[in-house]
Structures are given as structure tokens and as C-alpha cells.
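Lettering follows sequence order; numbering is per chain, from 1. Source: prediction; values computed, not measured.
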Amino acid sequence: MASNSEVGGSSADYETMMSTSDVELLKRAWRNEKAAPEILQYEGALVERAKEQIELVEETIEDYVENGKDPLVVSLYQMDLDRTQFLLRSYLRVRLLKIEKFMFHNLKSEEAERRLSEQERVFATKCADDLAKHFEETVLLKLPQNYQSVLKQSAISEVDDMVPQPHLETFVVCRSNNFVSLNLYEEGESPETVEMERGDLYFIRYKIVKGAIESGQIDLI
Amino acid sequence: MAGQTDPHISLFSPQEVEFMAEDELVEIVPNMNMEQLNFISGDFGRFIPQIPTKVPLWLAVALKRRGKCSFRPPGWMSVDNLTQILEAERESQSTFQALPFSYVEIARLLFDHAHDDIPDKYMVRSLVEDIRDVRLHKLETNLGSFQGTSAVKISNVSAMEVNIVRPFVRRALEAFYKHDKPEADVDRDTRSSRQQREANNEPRRPLRQR
């Protein structure tokens, strides 16, 4: 029942990709999402496949129970199902937590918005609207004219400084899947690089590895 | 959700770290007949008495608790190997010996559920605990020698150990980075006139933390 991920990458990666089960992919997505300070790309296809498999196994278990199959086997299938369900639910929960935490930022920034699923976007908009309305009714409308915005501290602020942004400079622990060489600093500053062999563990600034995580070269631990 | 709001506690709870470790494959010897199991996470079996087979740790523990199998302790868990590793850990102040990433969790689960399958179990247990102590102590002392940097290499540190030190190291490194960076900005403007002190103020080369 372990279905395979999509084909892609070089031939060496092809082997690993073809043998990576959905559960492992889901585990990786869950781990990355938990460790990353900002919300990551929604793995829509993976979640759909996982949901299908879970439903299938649930039906199978019901059949087994009705047919009086060995209760040991049934309980083992149930355990595997529970584990997969936990991964899926925790993954979605972590994302929801991040959406709530950075609600206004996610709706403002296009990049972040692209990473949400359809339902998450609906949730985020409704949540933001409700929150804004709540603030306005309880506090903001009673403040003087210039301070009534939910997003800005006052009318003279140039940017939306009331919006908490994810802290991208935080440090994360990561492990690399391949040899990868990363530029430590931004463009224009002294170009120092750090080179990671396969399997090395590093404490590193999130910003540096952000791109590599998206392309799957690095995992967060 | 652990660690999301409070930076003082770990990102993953110990149970979650154990959950991640439970997918590791271990060898068991079943004592009963069972057909192949087609799980979402993979296919395991067939189970034939006395024929060793590899299954995930969670499945092995479940079977063991129901008396359906016995464990084959992993190769690294022998008294000889562990003694060697303990010696090496004690000798070196800055490097960590190569151990399986989830060795703490695997050892703990085996001791809890399958201690009768481990030869010299008391010896093995005390060795594993000593190794853990030495490594944690090493981590703590090494933490005091960080410098301002953007990337720190930690080789052969295990999952549990990473999870324990993560909150502290994170905040320490962030503080270092924060204090180094504004000096680099200032420095950019006056670089031409302050050649001499440039080397000191720019963020230092990442140390190879082993």
C-alpha cells in the first residue's frame, strides 16, 4: 500500500524518490513545518494521497472486524493507521497555528499566500476579518482618528508595523541530503560559503537554507 | 504545541522524538505464523517462526508486548562496541562518536520492553547511560566556546541530544548574530577608512563545531 512519490531529479535521486513512501514524505513535511519559523509550501498532492490511503485502510479494518479476522492483525493495522493519522493531523495543526500567529502577514505577502491551500486561505481571510472587526469594535474606534488602523501603528507609519512577521533569522538544525554549498551572507557582503556533506548536522540561520529546503536538498530536524 | 509559542521549551516533545525514532527498522525473530502486513507505511512480513525479519520499531514493540516475537539487539549495542565508544567519547573533548541518530530512543524502548533479549543487559544499560552522560556533558562544555557565527557544524549528535540543547543554542546563536550584524552594517560604510579593524568586526568564519 506504500505508493510512490513523483519521479524527478537525477538518476541517483530517482532511486531514493521511487522508494520513499508517502508516510516518510509526510513525516518529512511535518518535521520541516514544525521546525521552520514561517509557513512552508502546502503539500496538496501528498495530503490528498494520504487521506485516500487512510480512508482505504479504515474500510479494510471494518471489513476485517466484520469477517472475524485475527484481532492481533486488526490491532496492528489500527496502530499503523493511528500513526499516519497523527502525522497528517499534526501537520495540518502546525500550519493552522502558524497561520493564526502571522495572520495579517500571510494575507499581505504574496509569497506566503501562494503557500496556503484553498481552505487555509479561506480560513485565514475569515479569521483576519473577524479579528480586525473585533479590534475595531472594542478598541480602535475609540482611539483618535490617526490611530485607528489595525495594520499600522498610526497614520504616519510608512509600513504596516503592527503586523508581526515571521522571524527568519532564527537558527534551525538541519541535515543535508546531498553535498550542497551555500552562501552564508546576503548578496554584496563578504561571500563566505558553508559546504555540507551528505548527512552532516548543522545549526544554521534559517534564511540561508530556506531555498534548499524547498528544493528538498536539506531537511530540518 | 511544544515550542511554538514558548522559546524556552523544546520544539519537539520527547514523545514526538520517540515517535520519529519508532520508524527505524530493527530485527526480530517471530515465534508465530502471520501473513504479510500491507501497511500505509510499507509492507512487512511474512512472519515465519524462527526466521528473522526487519520491521519498524513500533511494530516490533507491539509484537513483543503480545509475546509474539523476540528481539535481535542491533549490532552497535554489544558490550564490546559500547565500551569502545565510551572510551573514545571520554578521550576526545570536542568530537562525538558515530552512533545511530536515534540511539537513545532505541535503547530506551529495548530496555523497557525487551530486556530479556539483550545479553549482559545491566552492563549494556549502564554503558549506554554513561555514554549519554559523557556526551551531554561534552555538549554543555562546548556550548561555552561558541563564537559569533552563522553556521555551526554538529556531527554525530543524536536526535534527543539535539532536541535538548536546541532552545538554548538557538537563542545564544541568535544573540551572537544580532550583535555581530549591526557592526557589519556600520563597517560597510566606513570600510575604506578602517581597513585595520575590518577583520575583527565582520562576522567570524563559522567554526567547525564537532
Side-chain angles (χ1 to χ4, degrees), chain A residues 1-3 21-24 26-27 30-31 34-35 50 53-54 56-57 60 70 72-73 75-77 79-81 83-87 90 93-94 97-98 101 167 169-175 182 184-185 188-190 192-194 196-197 199-205 207-209 220-221, chain B residues 1-5 7 11-12 16-17 19-20 22-23 32 34-35 37-44 56 58-59 62-63 66 68 96 101 146 149-159 162-163 165-166 169-174 176-178 181 184-185 188 198 202-206 209:
Chain A
M1 242 179 238
S3 66
S21 74
D22 271 347
V23 170
E24 279 178 39
L26 191 55
K27 196 163 102 166
W30 170 68
R31 214 164 45 187
K34 257 204 157 200
Q53 290 186 29
I54 288 178
L56 196 57
V57 170
T60 322
D70 183 11
L72 168 66
V73 172
S75 75
L76 292 178
Y77 271 98
M79 281 175 78
D80 177 61
L81 181 69
R83 285 177 69 93
T84 319
Q85 273 182 328
F86 168 72
L87 277 180
S90 198
R93 263 201 297 259
V94 171
L97 194 81
K98 280 195 203 169
K101 203 163 160 191
H167 185 49
E169 301 287 339
T170 196
F171 278 78
V172 293
V173 185
C174 72
R175 171 166 56 195
L182 298 168
L184 268 187
Y185 302 111
E189 297 187 27
S190 53
E192 289 189 40
T193 52
V194 62
M196 297 194 206
E197 298 285 330
D200 277 351
L201 283 174
Y202 269 89
F203 259 107
I204 198 168
R205 253 187 312 137
K207 237 184 189 173
I208 301 174
V209 294
L220 294 179
I221 301 278
Chain B
M1 203 147 311
Q4 293 293 342
T5 42
L11 195 63
F12 291 95
E16 284 168 343
V17 180
F19 178 81
M20 291 198 287
E22 278 174 342
D23 285 325
M32 46 66 192
M34 201 160 70
E35 65 198 19
L37 295 169
N38 296 36
F39 289 153
I40 305 179
S41 42
D43 298 327
F44 309 105
W58 64 269
L59 181 56
L63 288 174
R66 291 167 172 80
K68 302 287 182 190
F96 291 92
F101 189 56
F146 275 8
T149 172
S150 277
V152 175
K153 182 169 166 170
I154 40 171
S155 300
N156 294 328
V157 183
S158 78
V162 163
N163 203 38
V165 298
R166 196 202 322 250
V169 174
R170 219 164 142 192
R171 293 173 58 222
L173 285 176
E174 277 177 34
F176 276 128
Y177 181 71
K178 205 169 72 168
K181 199 161 177 278
D185 284 335
R188 254 205 301 261
E198 203 175 27
E202 275 182 0
R204 303 182 182 90
R205 284 196 67 81
Q209 189 80 7

Check each atom of Ile54(A) against the heavy atoms of chain B and say whether the ones under 4.5 Å are side chain, backbone, both or neither. both
Name the region of Thr84(A), side chain, backbone, both or neither, that has any atom closer than 4.5 Å to a heavy atom of chain B. side chain
Less than 4.5 Å apart, side chain to side chain, heavy atoms only: is that true for [X] and [Y]?
X        : Y        : answer
Leu81(A) : Phe39(B) : no
Leu76(A) : Leu63(B) : yes
Asp80(A) : Trp58(B) : yes

Of all the heavy-atom pairs spanning Ser41(B) and Ser21(A), show the shortest one and how long it is. O-OG, 4.0 Å
Using every non-hydrogen atom in the two residues, find where Ile221(A) and Phe101(B) come nearest and quote the distance to one decimal. CG2-CZ, 3.8 Å
Is chain A contacted by the side chain of [X], its backbone, both, or neither, given a heavy-atom distance below 4.5 Å?
X         : answer
Arg166(B) : both
Glu35(B)  : side chain
Phe19(B)  : both

Once you round to the nearest 0.5 Å, how far does [atom1] of [X] lie from [atom2] of [Y]?
X         : Y         : atom1 : atom2 : value
Phe203(A) : Arg170(B) : CZ    : CZ    : 9.0 Å
Glu16(B)  : Phe86(A)  : CD    : CZ    : 5.0 Å
Leu201(A) : Ser158(B) : CG    : OG    : 9.5 Å
Leu173(B) : Ile204(A) : CG    : CD1   : 10.5 Å
Phe12(B)  : Arg31(A)  : CZ    : CZ    : 7.0 Å

Highest number of heavy-atom pairs under 4.5 Å with chain A: which of Asn156(B), Leu59(B), Asp23(B)? Asp23(B)
Looking at chain B, which one of Lys27(A), Met79(A), Arg83(A) has the largest number of heavy-atom pairs inside 4.5 Å, strictly under? Arg83(A)
